[in-house]
Amino acid sequence: MVHRVAVIGAGASGLVATKCCLDEGLEPTCFERSEDLGGLWCFSDNADCRRVSVYRSIISNTSKEMSCFSDFPCPEDFPNFLPHSLLVEYFRMYARHFQLLRYIRFKATVISVRKRPDFATSGQWEVVTDTEGIQESHVFDAVMVCTGNFQHPHLPLASFPGIETRFRGQYFHSQEYKDADAFRGKRVLVVGTGNTGCDIAVEMSHVAAKVFLSARSSTWVFSRVANHGFPWDMVSTTRFNHFLEWLLPSAIMKRIKFGKMNSWFNHEIYGLASAKSSNFHFIINESLPFRMLSGTIVLKSNVKEFTETSAIFEDGTTEENIDVVVFATGYVFSFSFLEESVRNTIKNNGTLYKCIFPPQLERPTLAFIGLVKLTGSVMVGAEIQARWVTGVFAGVYKLPPTSKMMAEVLKKQLPVKRNQSEKQNLKMNFISYTSEIASCAGVKPSVLRLLVTDPRLALAIFFGPCTSYQYRLMGRGQWSGARAVILTQWQRVLKPLRTRVLADTASSHSWCWLGLLALPTALVVGVLLSKRLRMGWVPWAGLLGGTL
């Protein structure tokens, strides 16, 4: 029987894991190696510090309503996209509200996590920690690893001949980057077109003499600002859109997505991607197209090799007098504190059952929280994971037999990609994944049932943004305030923008257009759906929220 749980890390995943343990009557102890909570979002300008932290100017890519925990909305006066300081303040508010600080041990580094000799029957772990030079050994009934994706940089120097032996300039991984001040007047090459690489390239382009951005694969660029100025994820991440992706042929959806991307700017003209691209890797960056248009950022192909002062690219071009190379090449999965027999079975999150449980263990008392890349907020994904995991620990939910878990893991194994860069870019659909885990926990809302009992709420859930509050409407952990925060989420979006009200503007914004659109849209969907019904293969439960 699980009672005492070790939570490793006090970032977003560790905080919500600690809270979920308390909700299930478990006794958590959270070990945080630094002196503050917030994980990588807690900024430190010391590049040599053991804390892995974000760079100074970072702003969240997902909006506050789409990122916050399901029973603790962000303050309505917070901006829609949060800088690191406000996001950490939100974490502190969350920790204070649910009285989590008493369960966190700061400056405590986890050195090792090993099975106890009787693990096959007890499922217990021995956890050794170091607190300012003092080592302690603890016994826990279960362990939740909440250290996330960004602990160990992937720096593939062997793939760039000459960088270590000939190149005379400075080079480093993007993990070490804090701000652009030190690069004023430099000629900089950024390798990698993920969110971090493009953010750094844009920021450096304001002070550097020239910034070159090396791309290995196609990249599509989103803006945080969607139609009519609303947050992109509030508009795009809806159950209705997700339903359409299932309903329409993949070729049509691909054309729709590419057309949407190119309606902002033509990616092929800029050399970023074409409609013939095989992947849909996208990043969030409003400034990149203009910085390229102004010539302060120049897009280049993959680097072939380095000389003493230059970079030679695969297309045969060369850029001279390179002063600095920044490798924004992602991170690798590595959990050095785990015993070797466990660590060796975890190649990536795809080798875990539901991206959480190592299926080979005799007892399901080890779980990874937040070790998943989603097309939406990982914070929301981590919370629904933690709710299900702590329910498993408490004996409320049962996992399938090991053989069945192993079979599912093998079935979902992704094909080997051509390079590590593409592997780093793989993301799972936000709604698909969170709904899957919510179903395991019995908290996925039934839109069809709500359509009968609460039509207004049903429409808001299906056509509106898929916020985390939806997973507090029913089942274990139900929150009485969930309905109200769903129906007022757009008000919290508009609140921080209303700092100047125009004289000829109505005092309150009407959202009647949503209702006007819902009926004809529902009719169109009904017609399309009826065709599939006649074919006999519409998965009602999967589409519209579980059992009726």
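Only heavy atoms go into these numbers, but all of them, side chains included; no hydrogens, no water, no symmetry mates.
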Problem - Side-chain touch C74/Y94, heavy atoms, less than 4.5 angstrom - result: no
Exercise for the section: Consider only side-chain N and O atoms of N227 and K260, and report whether a donor and an acceptor are under 3.5 Å apart. Expected result: yes
Handout entry: Inter- and intrachain pairs under salt bridge (Lys or Arg N to Asp or Glu O under 4.0 Å), touching residues 53-62, at least two apart
Key = R56-D179
Practice task
Determine yes or no for a side-chain-to-main-chain donor-acceptor pair under 3.5 angstrom, with K257 supplying the side chain and I252 the backbone.
Solution key: no
Handout entry: Spacing of CD belonging to E286 relative to CD1 belonging to I59, to within rounding of 0.5 Å
Key = 8.5 Å
Exercise for the section: Step by step, work out the side chain to side chain donor-acceptor pair (under 3.5 Å) result for R102 and Q99. Expected result: CA-CA 7 Å; R102 68 180 71 177; Q99 301 179 11; 2.8 Å; yes
Problem - Heavy-atom closest pair, residues I356 and V389 - result: CG2-CG2, 3.5 Å
Exercise for the section: Assess the side chains of Y177 and T196: does a donor N or O sit below 3.5 Å from an acceptor N or O? Expected result: no
Problem - Mutual orientation of the aromatic rings belonging to Y331 and F150 [parallel < 30°, tilted 30-60°, perpendicular > 60°] - result: perpendicular
Practice task
Can you spot which of T219, D199, T193, V221 makes a side-chain contact (heavy atoms from CB on, under 4.5 Å) with L288?
Solution key: V221
Problem - Whether D141 side chain and V5 backbone form a donor-acceptor pair below 3.5 Å - result: no
Exercise for the section: With sequence neighbours left out, write down each residue that passes side chain to side chain contact (heavy atoms under 4.5 Å, CB included) with A95, or none if nothing qualifies. Expected result: L15, L37, L100, L101
Exercise for the section: Using a 4.5 Å cut-off on heavy atoms from C-beta on, say whether the side chain of V7 contacts that of T29. Expected result: no
Practice task
I would like to know whether S53 and L40 meet side chain to side chain contact (heavy atoms under 4.5 Å, CB included); could you show each step before the answer?
Solution key: CA-CA 4 Å; S53 78; L40 63 87; 5.5 Å; no
Handout entry: Sub-4.5 Å side-chain heavy-atom contact between N262 and H267
Key = yes
Handout entry: Heavy-atom pair with the smallest gap, counting every atom of G9 and C30
Key = O-SG, 3.2 Å
Exercise for the section: Find out whether Y103 and L22 are in side-chain contact, i.e. whether some heavy atom of one side chain is under 4.5 Å from a heavy atom of the other. Expected result: yes
Problem - Note, C146 side chain near I8 side chain (heavy atom, < 4.5 Å) - result: no
Practice task
With sequence neighbours excluded, give me every salt bridge (Lys or Arg N to Asp or Glu O under 4.0 Å) pair touching residues 456-470.
Solution key: none
Problem - Minimum heavy-atom distance L473-R483, with the two atoms named - result: CD2-N, 3.8 Å
Fill in the blank from the handout: Residues at least two apart in sequence or cross-chain that pass side chain to side chain contact (heavy atoms under 4.5 Å, CB included) with P231, listed by chain then number, are S63, N80, F81, D233, M234, V493
Handout entry: Check ion pair R105-E35 (N to O, under 4.0 angstrom)
Key = no
Practice task
Can you sort out the partners of S57 under side chain to side chain donor-acceptor pair (under 3.5 Å), two or more places apart, ordered by chain and number?
Solution key: E203
Exercise for the section: Taking only Lys NZ, Arg NE, NH1 and NH2, and the carboxylate oxygens of Asp or Glu, determine whether K412 and E408 approach each other closer than 4.0 Å. Expected result: yes
Handout entry: Spacing of L272 atom CG and S218 atom OG [to the nearest 0.5 Å]
Key = 8.5 Å
Problem - Residues forming a side chain to side chain contact (heavy atoms under 4.5 Å, CB included) with S334, sequence neighbours excluded - result: H152
Problem - Pair R492, T488: side-chain N/O donor-acceptor within cut-off below 3.5 Å - result: yes
Exercise for the section: Would you please name every residue forming a side chain to side chain donor-acceptor pair (under 3.5 Å) with S377, sequence neighbours left out? Expected result: none
Problem - N149 (side chain) donor-acceptor with L371 (main chain) under 3.5 angstrom - result: no
Problem - Minimum side-chain heavy-atom gap F368-L352 below 4.5 Å - result: yes
Problem - SB check K19 D71 (cutoff 4.0 Å) - result: yes
Problem - Member of F222, F290, Y270, W220 meeting the ring-ring contact (aromatic ring centres under 6.0 Å, His included) criterion with F265 - result: Y270
Practice task
With side chain to side chain contact (heavy atoms under 4.5 Å, CB included) as the test, would you mind laying out the steps for Y471 and S435 before giving the verdict?
Solution key: CA-CA 9 Å; Y471 300 124; S435 293; 3.3 Å; yes
Problem - Where K444 and M474 come nearest, the two heavy atoms and their spacing - result: O-SD, 3.0 Å
Fill in the blank from the handout: side chain to side chain donor-acceptor pair (under 3.5 Å) filter on N61, not counting sequence neighbours, yields R224
Fill in the blank from the handout: Taken in chain and number order and not counting sequence neighbours, the residues that satisfy ring-ring contact (aromatic ring centres under 6.0 Å, His included) with F357 are W388
Handout entry: Residue pair F230 / L494, side-chain heavy-atom distance below 4.5 Å
Key = yes
Fill in the blank from the handout: Between the NZ atom in K354 and the CD1 atom in I384, the distance rounded to the nearest 0.5 Å is 13.0 Å
Handout entry: Side chain to side chain, N195 and N285, heavy atoms closer than 4.5 Å
Key = no
Handout entry: side chain to side chain contact (heavy atoms under 4.5 Å, CB included) partners for S85, two or more places apart
Key = P83
Problem - Aromatic plane relationship, F240 with F462 - under 30° parallel, 30 to 60° tilted, over 60° perpendicular - result: perpendicular
Exercise for the section: Using modelled atom types only, decide if a donor and an acceptor are shared between the side chain of T329 and the backbone of H154 within a distance under 3.5 Å. Expected result: yes
Completion exercise
Closest non-hydrogen contact found for C68 with S468 is O-OG, 2.9 Å
Completion exercise
The complete set of salt bridge (Lys or Arg N to Asp or Glu O under 4.0 Å) pairs with one or both residues in residues 377-389, sequence neighbours excluded, reads E383-R472
Practice task
Go through the steps for S217 and H281 under the test side chain to side chain donor-acceptor pair (under 3.5 Å), then give the verdict.
Solution key: CA-CA 9 Å; S217 57; H281 164 53; 5.8 Å; no
Exercise for the section: Look at the side chain of T351 and the backbone N and O of N348, then say whether any donor-acceptor pair between them is shorter than 3.5 Å. Expected result: yes
Problem - CG-OG1 distance between N429 and T375, expressed to the nearest 0.5 angstrom - result: 4.5 Å
Practice task
Decide if the gap between the ring center of F78 and the ring center of Y90 is smaller than 6.0 angstrom.
Solution key: no
Problem - Gap separating the CG atom of L451 from the CG atom of L459, nearest 0.5 angstrom - result: 6.5 Å
Fill in the blank from the handout: Hits for side chain to side chain donor-acceptor pair (under 3.5 Å) against R476, two or more places apart or cross-chain, chain-then-number order -> E24
Handout entry: Nearest heavy-atom neighbours spanning M144 and A17
Key = CE-CB, 3.6 Å
Handout entry: Y433 versus Q385, side-chain donor and acceptor atoms under 3.5 Å
Key = yes
Completion exercise
Rounded to the nearest 0.5 Å, the CD atom of Q489 sits from the OG1 atom of T467 at a distance of 4.0 Å
